[in-house]
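This report refers to the structure that appears directly beneath it.
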Amino acid sequence: MSANDAAPPDEIDAALGLGGGSPLDALRRRREDVRAYSQSSWKALFEPSDFGDLSAQERLALAKRVAEISASTRLVSRYQALLASAPDASERLEAILAYADKITAAPSAGRPEDLAALAAAGLSPAAIVTLSQILGFVAYQARVVASLALLETSA
Amino acid sequence: MSQPLFTTEVLDWAPAVEPVDLDKATPDQWAALQESGPHALKSAYYHLLVHDAEALRQRSRLYNAIMYGPKGLPRADRELGAAVESIENGCVYCTSVHARFYLQLAKRPDVIEALFRDGVSAPLPPRERAVADYAAALAATPPRVDERHVRALREQGLSDEDIADLANSVAMFAWANRLMLTLGEPRPAALD
(Lines give C-alpha, C1' and ligand atoms only; values in the text may rest on other atoms or scores of the structure.)
Protein backbone atom coordinates (compact mmCIF):
# COMPACT_ATOMS: atom_id res chain seq x y z
CA MET A 1 0.00 0.00 0.00
CA SER A 2 1.34 3.44 -0.86
CA ALA A 3 1.67 6.12 1.80
CA ASN A 4 -1.40 8.29 2.07
CA ASP A 5 -0.86 11.42 4.12
CA ALA A 6 -4.56 12.19 3.89
CA ALA A 7 -5.58 9.08 5.89
CA PRO A 8 -7.81 10.40 8.69
CA PRO A 9 -7.10 9.95 12.40
CA ASP A 10 -7.81 6.40 13.56
CA GLU A 11 -8.67 4.63 16.81
CA ILE A 12 -5.05 4.59 17.99
CA ASP A 13 -4.77 8.34 17.36
CA ALA A 14 -8.04 8.83 19.24
CA ALA A 15 -6.80 6.85 22.24
CA LEU A 16 -3.50 8.75 22.33
CA GLY A 17 -4.97 12.14 21.47
CA LEU A 18 -2.49 12.31 18.58
CA GLY A 19 -2.64 15.31 16.30
CA GLY A 20 -1.44 15.38 12.73
CA GLY A 21 2.16 16.50 12.37
CA SER A 22 3.32 15.32 15.82
CA PRO A 23 6.46 13.13 15.98
CA LEU A 24 4.39 10.07 16.96
CA ASP A 25 2.00 10.71 14.08
CA ALA A 26 4.94 10.81 11.68
CA LEU A 27 6.33 7.63 13.20
CA ARG A 28 3.00 5.83 12.75
CA ARG A 29 2.61 7.03 9.17
CA ARG A 30 5.99 5.55 8.31
CA ARG A 31 4.18 2.22 8.32
CA GLU A 32 0.98 3.30 6.64
CA ASP A 33 -0.12 -0.28 5.96
CA VAL A 34 0.19 -1.26 9.63
CA ARG A 35 -1.82 1.83 10.52
CA ALA A 36 -4.48 1.10 7.88
CA TYR A 37 -4.92 -2.61 8.72
CA SER A 38 -5.01 -1.85 12.43
CA GLN A 39 -7.96 0.40 11.72
CA SER A 40 -9.65 -2.02 9.28
CA SER A 41 -9.32 -4.74 11.94
CA TRP A 42 -11.04 -2.40 14.40
CA LYS A 43 -13.82 -1.74 11.89
CA ALA A 44 -14.31 -5.45 11.16
CA LEU A 45 -14.88 -6.07 14.87
CA PHE A 46 -16.81 -2.97 15.97
CA GLU A 47 -18.51 -1.70 12.80
CA PRO A 48 -19.10 -4.89 10.80
CA SER A 49 -21.66 -4.95 8.00
CA ASP A 50 -23.40 -7.73 9.94
CA PHE A 51 -23.16 -8.06 13.74
CA GLY A 52 -24.23 -11.69 13.48
CA ASP A 53 -24.55 -13.38 16.83
CA LEU A 54 -22.60 -10.81 18.91
CA SER A 55 -24.29 -7.45 19.47
CA ALA A 56 -22.61 -4.04 19.27
CA GLN A 57 -23.10 -3.59 23.01
CA GLU A 58 -21.59 -6.98 23.81
CA ARG A 59 -18.58 -6.21 21.62
CA LEU A 60 -17.94 -2.82 23.21
CA ALA A 61 -18.55 -4.03 26.78
CA LEU A 62 -16.08 -6.86 26.16
CA ALA A 63 -13.50 -4.46 24.69
CA LYS A 64 -13.87 -2.11 27.64
CA ARG A 65 -13.34 -4.98 30.08
CA VAL A 66 -10.19 -6.14 28.29
CA ALA A 67 -8.91 -2.54 28.32
CA GLU A 68 -9.62 -2.30 32.08
CA ILE A 69 -7.69 -5.47 32.88
CA SER A 70 -4.88 -4.25 30.62
CA ALA A 71 -4.85 -0.99 32.68
CA SER A 72 -5.24 1.08 29.52
CA THR A 73 -7.15 4.08 30.83
CA ARG A 74 -7.00 5.65 27.36
CA LEU A 75 -8.78 2.69 25.77
CA VAL A 76 -11.23 2.32 28.65
CA SER A 77 -12.34 5.92 28.05
CA ARG A 78 -12.58 5.33 24.33
CA TYR A 79 -14.73 2.19 24.59
CA GLN A 80 -16.81 3.74 27.36
CA ALA A 81 -17.58 6.71 25.07
CA LEU A 82 -18.55 4.36 22.22
CA LEU A 83 -20.68 2.26 24.56
CA ALA A 84 -22.65 5.39 25.48
CA SER A 85 -24.95 3.66 27.99
CA ALA A 86 -24.45 0.67 30.26
CA PRO A 87 -25.33 -2.56 28.45
CA ASP A 88 -28.33 -4.50 29.69
CA ALA A 89 -27.30 -7.03 32.31
CA SER A 90 -27.75 -10.61 31.20
CA GLU A 91 -26.34 -14.03 31.96
CA ARG A 92 -24.93 -14.01 28.46
CA LEU A 93 -23.00 -10.77 29.03
CA GLU A 94 -21.84 -12.03 32.43
CA ALA A 95 -20.45 -15.16 30.77
CA ILE A 96 -18.66 -13.07 28.14
CA LEU A 97 -17.09 -10.76 30.75
CA ALA A 98 -16.09 -13.64 33.05
CA TYR A 99 -14.30 -15.24 30.11
CA ALA A 100 -12.56 -11.93 29.30
CA ASP A 101 -11.43 -11.57 32.92
CA LYS A 102 -9.80 -14.98 32.88
CA ILE A 103 -8.18 -15.00 29.43
CA THR A 104 -6.97 -11.41 29.37
CA ALA A 105 -4.93 -11.77 32.53
CA ALA A 106 -3.71 -15.33 31.92
CA PRO A 107 -4.16 -16.45 28.29
CA SER A 108 -3.01 -20.00 29.04
CA ALA A 109 -5.55 -20.42 31.87
CA GLY A 110 -8.43 -21.23 29.52
CA ARG A 111 -9.93 -24.71 29.84
CA PRO A 112 -12.50 -26.61 27.73
CA GLU A 113 -15.14 -25.85 30.39
CA ASP A 114 -14.65 -22.11 29.80
CA LEU A 115 -15.63 -22.55 26.15
CA ALA A 116 -18.49 -24.79 27.25
CA ALA A 117 -19.74 -22.00 29.53
CA LEU A 118 -19.85 -19.60 26.59
CA ALA A 119 -21.76 -22.13 24.50
CA ALA A 120 -24.15 -22.76 27.40
CA ALA A 121 -24.78 -18.99 27.57
CA GLY A 122 -25.96 -19.14 23.96
CA LEU A 123 -22.85 -18.19 21.99
CA SER A 124 -22.48 -19.94 18.64
CA PRO A 125 -19.06 -21.04 17.35
CA ALA A 126 -19.04 -17.93 15.12
CA ALA A 127 -19.78 -15.67 18.12
CA ILE A 128 -17.01 -17.37 20.13
CA VAL A 129 -14.56 -16.69 17.28
CA THR A 130 -15.53 -13.01 17.06
CA LEU A 131 -15.37 -12.69 20.87
CA SER A 132 -11.87 -14.21 20.78
CA GLN A 133 -10.78 -11.83 18.01
CA ILE A 134 -11.99 -8.85 20.06
CA LEU A 135 -10.21 -10.16 23.16
CA GLY A 136 -7.02 -10.51 21.12
CA PHE A 137 -7.41 -7.25 19.25
CA VAL A 138 -7.80 -5.13 22.37
CA ALA A 139 -4.79 -6.90 23.93
CA TYR A 140 -2.90 -5.85 20.77
CA GLN A 141 -4.28 -2.32 20.82
CA ALA A 142 -3.45 -1.81 24.52
CA ARG A 143 0.20 -2.70 23.82
CA VAL A 144 0.45 -0.48 20.75
CA VAL A 145 -0.98 2.44 22.72
CA ALA A 146 1.25 1.78 25.76
CA SER A 147 4.40 1.47 23.63
CA LEU A 148 3.73 4.66 21.67
CA ALA A 149 2.91 6.64 24.84
CA LEU A 150 6.16 5.36 26.34
CA LEU A 151 8.21 6.39 23.31
CA GLU A 152 6.78 9.89 23.66
CA THR A 153 7.69 10.22 27.34
CA SER A 154 11.11 8.57 26.87
CA ALA A 155 12.21 11.15 24.30
CA MET B 1 8.96 -20.94 37.16
CA SER B 2 9.01 -24.23 35.33
CA GLN B 3 8.74 -23.95 31.57
CA PRO B 4 6.14 -25.69 29.41
CA LEU B 5 7.62 -28.15 26.91
CA PHE B 6 8.76 -25.70 24.28
CA THR B 7 10.06 -27.04 20.99
CA THR B 8 11.09 -25.82 17.55
CA GLU B 9 9.61 -28.97 15.97
CA VAL B 10 6.69 -28.53 13.57
CA LEU B 11 3.40 -28.97 15.46
CA ASP B 12 -0.22 -29.34 14.43
CA TRP B 13 -3.08 -27.57 16.15
CA ALA B 14 -6.51 -29.02 16.89
CA PRO B 15 -9.53 -26.72 17.31
CA ALA B 16 -11.75 -26.92 20.41
CA VAL B 17 -14.59 -25.03 18.70
CA GLU B 18 -16.41 -26.29 15.60
CA PRO B 19 -14.70 -24.89 12.47
CA VAL B 20 -16.56 -23.83 9.34
CA ASP B 21 -17.59 -26.79 7.20
CA LEU B 22 -15.86 -25.88 3.95
CA ASP B 23 -18.63 -27.59 1.96
CA LYS B 24 -20.94 -24.89 3.34
CA ALA B 25 -18.50 -21.94 3.26
CA THR B 26 -19.71 -18.73 1.62
CA PRO B 27 -17.84 -17.18 -1.32
CA ASP B 28 -16.59 -14.49 1.08
CA GLN B 29 -15.24 -17.14 3.46
CA TRP B 30 -13.46 -18.89 0.57
CA ALA B 31 -11.98 -15.58 -0.55
CA ALA B 32 -10.73 -14.79 2.96
CA LEU B 33 -9.09 -18.22 3.23
CA GLN B 34 -7.43 -17.91 -0.16
CA GLU B 35 -6.18 -14.44 0.65
CA SER B 36 -4.64 -15.70 3.91
CA GLY B 37 -2.20 -17.91 1.96
CA PRO B 38 -1.91 -21.48 0.66
CA HIS B 39 -1.42 -22.86 4.19
CA ALA B 40 -4.79 -21.43 5.27
CA LEU B 41 -6.75 -23.72 2.97
CA LYS B 42 -5.45 -26.79 4.85
CA SER B 43 -5.29 -25.34 8.36
CA ALA B 44 -7.91 -26.08 11.01
CA TYR B 45 -6.95 -22.80 12.72
CA TYR B 46 -7.94 -20.80 9.62
CA HIS B 47 -11.03 -22.94 9.04
CA LEU B 48 -12.10 -21.91 12.53
CA LEU B 49 -11.21 -18.20 12.27
CA VAL B 50 -13.05 -17.89 8.94
CA HIS B 51 -16.32 -17.99 10.88
CA ASP B 52 -15.63 -14.21 10.92
CA ALA B 53 -14.21 -13.77 7.43
CA GLU B 54 -13.70 -10.02 7.51
CA ALA B 55 -11.95 -10.08 10.92
CA LEU B 56 -9.64 -12.84 9.61
CA ARG B 57 -8.96 -10.98 6.36
CA GLN B 58 -7.96 -7.73 8.07
CA ARG B 59 -5.97 -9.51 10.74
CA SER B 60 -3.98 -11.47 8.13
CA ARG B 61 -3.14 -8.22 6.32
CA LEU B 62 -2.07 -6.58 9.57
CA TYR B 63 0.01 -9.60 10.54
CA ASN B 64 1.88 -9.58 7.22
CA ALA B 65 2.49 -5.82 7.38
CA ILE B 66 3.94 -6.10 10.90
CA MET B 67 6.02 -9.25 10.49
CA TYR B 68 7.17 -8.87 6.87
CA GLY B 69 7.11 -5.10 6.24
CA PRO B 70 10.28 -3.86 4.48
CA LYS B 71 13.19 -2.01 6.14
CA GLY B 72 13.04 -1.03 9.79
CA LEU B 73 13.77 -3.56 12.52
CA PRO B 74 15.48 -6.72 11.16
CA ARG B 75 13.04 -9.60 10.81
CA ALA B 76 15.07 -11.73 13.23
CA ASP B 77 14.37 -9.22 16.01
CA ARG B 78 10.65 -9.17 15.19
CA GLU B 79 10.61 -12.98 15.40
CA LEU B 80 12.52 -12.90 18.68
CA GLY B 81 9.93 -10.46 20.07
CA ALA B 82 7.14 -12.79 18.92
CA ALA B 83 8.87 -15.82 20.43
CA VAL B 84 9.47 -14.12 23.80
CA GLU B 85 5.87 -12.92 24.00
CA SER B 86 4.76 -16.49 23.23
CA ILE B 87 7.11 -18.01 25.82
CA GLU B 88 5.86 -15.55 28.46
CA ASN B 89 2.27 -16.56 27.70
CA GLY B 90 3.08 -20.28 27.56
CA CYS B 91 1.93 -20.59 23.94
CA VAL B 92 3.76 -23.73 22.85
CA TYR B 93 2.40 -23.62 19.29
CA CYS B 94 3.27 -19.94 18.58
CA THR B 95 6.66 -20.41 20.22
CA SER B 96 7.48 -23.41 18.03
CA VAL B 97 6.80 -21.46 14.83
CA HIS B 98 8.53 -18.21 15.76
CA ALA B 99 11.51 -19.68 17.56
CA ARG B 100 12.03 -21.70 14.36
CA PHE B 101 11.77 -18.57 12.18
CA TYR B 102 14.20 -16.78 14.49
CA LEU B 103 16.68 -19.66 14.20
CA GLN B 104 16.43 -19.59 10.41
CA LEU B 105 17.07 -15.83 10.31
CA ALA B 106 19.56 -15.34 13.15
CA LYS B 107 21.39 -18.66 13.36
CA ARG B 108 21.60 -18.36 17.14
CA PRO B 109 20.46 -21.71 18.57
CA ASP B 110 22.14 -20.73 21.85
CA VAL B 111 19.60 -17.92 22.35
CA ILE B 112 16.60 -20.21 21.84
CA GLU B 113 18.11 -22.99 23.94
CA ALA B 114 18.68 -20.55 26.80
CA LEU B 115 15.13 -19.13 26.57
CA PHE B 116 13.60 -22.62 26.49
CA ARG B 117 15.70 -23.74 29.44
CA ASP B 118 15.47 -20.73 31.74
CA GLY B 119 12.78 -18.44 30.33
CA VAL B 120 13.33 -14.75 29.70
CA SER B 121 15.70 -14.41 32.67
CA ALA B 122 18.21 -16.68 30.88
CA PRO B 123 21.69 -15.21 30.22
CA LEU B 124 21.62 -13.65 26.72
CA PRO B 125 23.94 -11.52 24.55
CA PRO B 126 23.36 -7.74 25.07
CA ARG B 127 21.15 -7.02 22.05
CA GLU B 128 18.99 -10.12 22.57
CA ARG B 129 18.84 -9.22 26.30
CA ALA B 130 17.41 -5.77 25.51
CA VAL B 131 14.89 -7.14 22.97
CA ALA B 132 13.76 -9.96 25.27
CA ASP B 133 13.36 -7.70 28.31
CA TYR B 134 11.29 -5.18 26.36
CA ALA B 135 9.15 -7.96 24.82
CA ALA B 136 8.52 -9.66 28.17
CA ALA B 137 7.60 -6.38 29.86
CA LEU B 138 5.19 -5.46 27.06
CA ALA B 139 3.74 -8.98 27.09
CA ALA B 140 2.74 -8.72 30.76
CA THR B 141 -0.87 -7.86 31.68
CA PRO B 142 -0.97 -5.00 32.39
CA PRO B 143 2.14 -4.16 30.35
CA ARG B 144 5.01 -3.10 32.65
CA VAL B 145 7.37 -1.74 30.02
CA ASP B 146 9.13 1.47 31.10
CA GLU B 147 11.81 4.00 30.15
CA ARG B 148 14.64 1.66 31.19
CA HIS B 149 13.53 -0.88 28.58
CA VAL B 150 13.46 1.82 25.89
CA ARG B 151 16.88 3.13 26.96
CA ALA B 152 18.38 -0.38 26.79
CA LEU B 153 17.13 -0.78 23.21
CA ARG B 154 18.48 2.61 22.21
CA GLU B 155 21.86 1.67 23.69
CA GLN B 156 21.85 -1.31 21.31
CA GLY B 157 21.35 1.06 18.39
CA LEU B 158 17.59 0.75 17.86
CA SER B 159 15.83 3.87 16.58
CA ASP B 160 12.34 4.85 17.72
CA GLU B 161 11.06 3.39 14.43
CA ASP B 162 12.79 0.09 15.23
CA ILE B 163 11.32 0.09 18.74
CA ALA B 164 7.84 0.70 17.30
CA ASP B 165 8.38 -2.27 14.93
CA LEU B 166 9.31 -4.45 17.89
CA ALA B 167 6.30 -3.23 19.88
CA ASN B 168 3.99 -4.06 16.96
CA SER B 169 5.38 -7.59 16.72
CA VAL B 170 4.96 -8.18 20.47
CA ALA B 171 1.46 -6.68 20.38
CA MET B 172 0.49 -8.85 17.39
CA PHE B 173 1.48 -11.91 19.41
CA ALA B 174 -0.46 -10.78 22.45
CA TRP B 175 -3.36 -11.23 20.01
CA ALA B 176 -2.17 -14.42 18.29
CA ASN B 177 -1.35 -16.17 21.58
CA ARG B 178 -4.86 -15.48 22.87
CA LEU B 179 -6.39 -17.15 19.81
CA MET B 180 -4.06 -20.14 19.70
CA LEU B 181 -4.17 -20.80 23.45
CA THR B 182 -7.93 -20.54 23.89
CA LEU B 183 -9.51 -21.94 20.73
CA GLY B 184 -7.61 -25.22 20.53
CA GLU B 185 -4.37 -26.94 21.43
CA PRO B 186 -1.10 -28.06 19.85
CA ARG B 187 -0.60 -31.65 18.74
CA PRO B 188 2.44 -33.53 17.46
CA ALA B 189 2.52 -33.15 13.68
CA ALA B 190 0.99 -36.05 11.77
CA LEU B 191 3.48 -37.80 9.52
CA ASP B 192 2.39 -37.44 5.90
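Throughout, a chain's letter reflects where its sequence line sits, starting with A, and its residues are numbered from 1.
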Which atoms form the tightest heavy-atom contact between [X] and [Y], and what is the distance?
X        : Y        : answer
A:Leu151 : B:Arg154 : CD2-NH2, 3.9 Å
B:Leu62  : A:Ser38  : CD1-N, 3.7 Å
A:Tyr140 : B:Met172 : CD1-N, 3.6 Å
A:Gln133 : B:Trp175 : OE1-NE1, 2.9 Å
B:Asn89  : A:Ser108 : O-CB, 3.4 Å
B:Thr141 : A:Thr104 : OG1-O, 3.4 Å

Identify which part of [X] has an atom lying under 4.5 Å from any heavy atom of chain B, answering side chain, backbone, both or neither.
X        : result
A:Leu45  : side chain
A:Ser72  : neither
A:Leu115 : side chain
A:Leu27  : side chain

Who among A:Asp114, A:Val138, A:Ile69, A:Ile128 has the most heavy-atom pairs with chain B under 4.5 Å? A:Ile69
Between chain B and each of A:Ala126, A:Gly110, A:Ser154, A:Ser49, count heavy-atom pairs under 4.5 Å; write down the option with the most. A:Ser154
Between B:Asp160 and A:Arg30, is there a salt bridge with N-O shorter than 4.0 Å? no
Just how far is it from atom [atom1] of [X] to atom [atom2] of [Y], taken to the nearest 0.5 Å?
X        : Y        : atom1 : atom2 : value
A:Leu150 : B:Ile163 : CG    : CD1   : 8.5 Å
B:Asn168 : A:Arg28  : CG    : CZ    : 8.5 Å
B:Ile66  : A:Tyr37  : CD1   : OH    : 12.0 Å

Specify which of [options] makes the most heavy-atom pairs with chain A at under 4.5 Å.
options                     : answer
B:Ala176, B:Pro70, B:Cys91  : B:Pro70
B:Ser60, B:Ala174, B:Ala16  : B:Ala174
B:Glu185, B:Glu161, B:Glu18 : B:Glu161

Is a side-chain donor or acceptor of A:Arg143 paired with a backbone partner of B:Ala139 at a separation under 3.5 angstrom? yes
Could you point out which residue of B:Arg57, B:Gln58, B:Arg59, B:Arg61 forms a side-chain contact (heavy atoms from CB on, under 4.5 Å) with A:Ser40? B:Gln58
Any A:Thr130 side-chain heavy atom under 4.5 Å of B:His51 side chain: no
